[in-house]
Amino acid sequence: MINGLKSTLGILRKQLQSYQKRQIRIIEYSRSIGEFAQSFANTIPYSETGFIIDIDEKRERGINLPFAGASHELAHQWWGMQVIPADVRCLKM
């Protein structure tokens with residue numbers, strides 16, 4: 001997860017702008033509540049499943065879910081929290 005955050009921060013800082021907060025927090029919660037992650041301003045609640053998953057098993061299938069999940073949720077800090085589409089009517093062509 002930390003590597004996913006570092007990688008995403010590096011790419012998005014170059015492509016867009018600096019991260020708007022001083023910190024990023026990943027908060028673990030019980031999978032009895034659900035098995036998902038979500039993005040809020042400087043906080044990413046992440047199911048305990050992401051912390052206990054066998055990443056070596058998943059890498060054999062080509063994906064590191066904790067890395068990808070943390071990266072995906074951090075990207076929401078720009079898309080949807082900083083870069084918001086204009087509220088305009090779409091023209092039909």
Side-chain angles (χ1 to χ4, degrees):
M1 287 181 191
I2 298 300
N3 289 336
L5 295 178
K6 286 179 179 180
S7 177
T8 303
L9 275 173
I11 292 168
L12 293 177
R13 280 180 179 155
K14 283 183 185 176
Q15 300 296 322
L16 299 172
Q17 66 184 33
S18 294
Y19 185 63
Q20 73 274 24
K21 305 290 182 190
R22 290 180 36 192
Q23 65 183 2
I24 303 167
R25 299 180 296 180
I26 295 181
I27 300 171
E28 179 184 11
Y29 66 89
S30 171
R31 65 182 163 182
S32 65
I33 296 172
E35 293 189 20
F36 59 90
Q38 195 168 0
S39 189
F40 298 106
N42 87 328
T43 303
I44 300 171
Y46 209 116
S47 168
E48 72 178 299
T49 304
F51 289 85
I52 62 173
I53 194 167
D54 183 354
I55 61 172
D56 291 330
E57 176 186 315
K58 296 297 179 186
R59 278 192 186 145
E60 290 175 13
R61 291 194 271 180
I63 190 165
N64 178 334
L65 291 176
F67 181 101
S71 178
H72 172 90
E73 294 305 330
L74 181 58
H76 284 300
Q77 299 288 318
W78 280 267
W79 302 105
M81 292 186 181
Q82 284 190 53
V83 180
I84 299 172
D87 187 18
V88 297
R89 175 185 269 172
C90 294
L91 298 175
K92 292 185 179 179
M93 297 257 175

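Placement of F67 and L74 in two distinct hydrophobic clusters is found when ILVMFWY residues are connected by side-chain heavy-atom separations under 4.5 Å, directly or transitively.
Within a 6.0 Å radius of CD in Q15, other residues, nucleotides and ligands contribute 12 heavy atoms or fewer.
Side chains of R25 and N42 form a contact here, defined as non-hydrogen atoms less than 4.5 Å apart. In this structure, Y19 and I24 have side chains that are in contact, with non-hydrogen atoms separated by less than 4.5 Å. Taking 4.5 Å as the limit, some side-chain heavy atom of M1 sits within range of a side-chain heavy atom of F51.
Qualifying ring-ring contact (aromatic ring centres under 6.0 Å, His included) partners for Y29, counting only residues two or more places apart in sequence or in other chains: F36. Applying the side chain to side chain donor-acceptor pair (under 3.5 Å) test to R22 and every residue at least two apart in sequence or in another chain returns nothing. Partners of S30 according to the side-chain contact (heavy atoms from CB on, under 4.5 Å) rule, which considers only residues two or more places apart in sequence or in another chain, are S32, E48.
Distance check, rounded to the nearest 0.5 Å: CG of N64 to CG of N3 gives 8.5 Å. Between Q77 atom CD and K21 atom NZ the span is 8.0 Å, to the nearest 0.5 Å.
At distances below 3.5 Å, not a single donor-acceptor pair connects side-chain atoms of E28 with backbone N or O atoms of T49. No donor-acceptor distance shorter than 3.5 angstrom exists from the side chain of E73 to the backbone of I44, with no hydrogens or angles considered.
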Side-chain polar contacts of residues 4-13 - donor-acceptor pairs under 3.5 angstrom, sequence neighbours left out - could you list them?
| unit_1 | atom_1 | unit_2 | atom_2 | d |
| --- | --- | --- | --- | --- |
| T8 | OG1 | G4 | O | 2.8 |
| T8 | OG1 | S71 | OG | 2.4 |

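Contact between L65 and Y46 at its shortest, heavy atoms only, is O-OH, 3.3 Å.
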